[in-house]
Each structure stands twice: as C-alpha cells, then as structure tokens.
Amino acid sequence: MKKILSLDLGARRIGVAISDGDIVGNLPVIDSRNREEAIAHILEIVRNEDVDKIVLGLPVGQNNSEDIVRSFALELNKIIDIPIVFEDETLTSKEAERILENSKLNPKSEKYKQEIDKISAKLILEQYLKKWILKNIKNYILL
C-alpha cells in the first residue's frame, strides 16, 4: 500500500497522521494562522514523505464546517497533484477525548488540544484504511 496522509482540519490546528503500508503514525500538528501557511506545510509533508493520497476528515452534517473543508480541499488540489478523498470524521474528537480521559493532561491546555487533533487524524486514517481493506477483500473474494 502507498503512503496516505490524513488531515483533521481545525480552525487553528490541523491534526496529521500518515500510513506506510499497515503502520499508522502521527506527525506534528500543523499550527497555522492562515490557509496559505497550512497548505505550504502540507505540501512540504507530501514532498518529504512521498505521499500518494490525502484523506481529509469531513464533518458530515455540519454544513458550514463541511463547506470549509471542501473549499480547503479545492485549494489544496490546485497545487498538489495527488488524489484527495474525504472520510467522515463524525465522533473522532469525542473518541480522542475518551482515549485521553485518563491522561494527566489538562483539557484546557494546548498540549491536550494538540493530542486530540493528532488522535483524531489517526482515527480518520484508520477508519479510511479499514473501509479500503474491506472493499478490496470483497473485490478479491468475488474474483
């Protein structure tokens, strides 16, 4: 499997995860004040990591947020010539909070918020990969 980059787009931070085959890991959170800066960071990651696809978390049913993510994807697609796909990110932040509930991190701290973003990006990517595997197993079985 090729390298896939996952992004959990937020107003100030972008959670980033990457897969290389069946290994999923996190990269540092992108902390940007504007879209151009964020896109420049993503482009750098895509080039440095030789990424083949981007999975963008999509807040399904949250019209304004969904529009922002789709708009971001269009801008990103203008300068990055690799496929960008969407994955429903519903409840990933809640799951990330559940994962961190026994941590010693203060929920109001910047470190906690960054961890939520990292875990959310990882959950989005894991969810995408599970669907991809199931789809391809079904295709293989049908052969």
Side-chain angles (χ1 to χ4, degrees), residues 1-140:
M1 181 172 284
K2 301 174 180 183
K3 283 191 179 180
I4 301 173
L5 187 70
S6 172
L7 303 172
D8 179 32
L9 191 63
R12 249 197 76 218
R13 291 175 309 277
I14 300 173
V16 184
I18 192 164
S19 74
D20 189 1
D22 57 355
I23 298 171
V24 176
N26 287 104
L27 294 175
V29 168
I30 297 171
D31 193 353
S32 298
R33 301 281 181 234
N34 62 59
R35 219 177 242 208
E36 294 76 25
E37 189 179 312
I39 288 173
H41 283 291
I42 294 165
L43 180 58
E44 184 179 346
I45 293 168
V46 167
R47 288 181 177 155
N48 289 343
E49 297 292 334
D50 196 25
V51 171
D52 299 296
K53 182 183 286 185
I54 295 175
V55 176
L56 247 174
L58 188 68
V60 176
Q62 299 175 26
N63 292 342
N64 189 43
S65 296
E66 195 172 329
D67 291 343
I68 290 169
V69 170
R70 289 185 187 281
S71 169
F72 186 86
L74 287 172
E75 271 189 64
L76 193 57
N77 203 34
K78 289 177 185 174
I79 63 163
I80 297 177
D81 191 29
I82 59 173
I84 299 173
V85 298
F86 298 104
E87 182 62 35
D88 185 358
E89 68 170 28
T90 304
L91 300 178
T92 56
S93 292
K94 291 293 180 199
E95 177 64 13
E97 288 172 6
R98 189 194 62 73
I99 290 168
L100 287 179
E101 70 186 1
N102 292 326
S103 75
K104 303 269 190 264
L105 294 173
N106 178 348
K108 296 191 187 295
S109 72
E110 183 64 22
K111 177 70 175 159
Y112 180 85
K113 293 172 185 175
Q114 287 183 359
E115 288 302 312
I116 293 292
D117 294 335
K118 285 180 183 180
I119 293 168
S120 294
K122 190 174 179 183
L123 292 170
I124 291 164
L125 185 51
E126 288 172 344
Q127 182 176 296
Y128 172 81
L129 290 170
K130 284 176 189 173
K131 288 179 182 177
W132 185 88
I133 289 167
L134 286 173
K135 177 184 170 198
N136 286 290
I137 286 175
K138 287 178 185 175
N139 290 339
Y140 179 76

### Query
With a 4.5 Å heavy-atom cut-off, do Q127 and W132 have their side chains touching?
no
### Query
Taking side chain as C-beta onward, heavy atoms only, is D88 less than 4.5 Å from L58?
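Answer no - side chains too far apart.
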Using modelled atom types and a 3.5 Å cut-off, is there a donor and acceptor pairing between side-chain atoms of [X] and backbone atoms of [Y]?
| X | Y | answer |
| --- | --- | --- |
| K3 | E49 | yes |
| N34 | E37 | yes |
| E89 | D8 | no |
| S6 | A121 | yes |

Ion pair present between [X] and [Y], side-chain N to carboxylate O less than 4.0 angstrom?
| X | Y | value |
| --- | --- | --- |
| R98 | E95 | yes |
| R13 | D31 | no |
| E75 | K78 | no |
| E110 | R12 | yes |
| K130 | E126 | no |

### Message
Take a 6.0 Å sphere around NZ of K131 and say whether it holds more than 12 heavy atoms from other residues, nucleotides or ligands.
### Response
yes
To the nearest 0.5 Å, tell me how far [X] [atom1] sits from [Y] [atom2].
| X | Y | atom1 | atom2 | value |
| --- | --- | --- | --- | --- |
| I18 | I23 | CD1 | CD1 | 11.5 Å |
| I39 | I79 | CD1 | CD1 | 5.5 Å |
| D117 | L9 | CG | CG | 10.0 Å |
| K113 | L100 | NZ | CG | 13.5 Å |
| I119 | N26 | CD1 | CG | 7.5 Å |
| E101 | I99 | CD | CD1 | 9.5 Å |

Can you name the nearest heavy-atom pair linking [X] to [Y], along with the distance?
| X | Y | value |
| --- | --- | --- |
| V29 | Q114 | CG2-O, 3.5 Å |
| I84 | A73 | CD1-O, 3.8 Å |
| P59 | V69 | CD-CG2, 3.7 Å |
| E66 | G61 | OE1-N, 3.1 Å |
| I14 | F72 | CD1-CZ, 4.3 Å |
| P28 | V16 | O-CG2, 3.8 Å |

### Residue pair I30, I45: steps toward the side chain to side chain contact (heavy atoms under 4.5 Å, CB included) verdict
CA-CA 10 Å; I30 297 171; I45 293 168; 4.0 Å; yes
### Charged tip of R70 within 45° of F86 ring normal and under 6.0 Å
yes
### Task
Indicate whether the side chain of Y128 and that of K53 have a donor and an acceptor atom separated by less than 3.5 Å.
yes
### Task
Assess the side chains of S71 and R35: does a donor N or O sit below 3.5 Å from an acceptor N or O?
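Yes.
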### Message
Pair V85, I54 - check side chain to side chain contact (heavy atoms under 4.5 Å, CB included), show working.
### Response
CA-CA 6 Å; V85 298; I54 295 175; over 6 Å; no
### Message
Using the rule given for side chain to side chain contact (heavy atoms under 4.5 Å, CB included), can you reason through I4 versus D52, listing the C-alpha separation, both sets of side-chain angles and the distance that settles it, and then say yes or no?
### Response
CA-CA 6 Å; I4 301 173; D52 299 296; 6.0 Å; no
### Message
Using the rule given for salt bridge (Lys or Arg N to Asp or Glu O under 4.0 Å), can you reason through E115 versus K118, listing the C-alpha separation, both sets of side-chain angles and the distance that settles it, and then say yes or no?
### Response
CA-CA 5 Å; E115 288 302 312; K118 285 180 183 180; 3.5 Å; yes
### Message
With side chain to side chain contact (heavy atoms under 4.5 Å, CB included) as the criterion, how do L7 and I42 come out once you've worked through the C-alpha distance, each side chain's angles and the decisive distance to 0.1 Å?
### Response
CA-CA 9 Å; L7 303 172; I42 294 165; 3.7 Å; yes
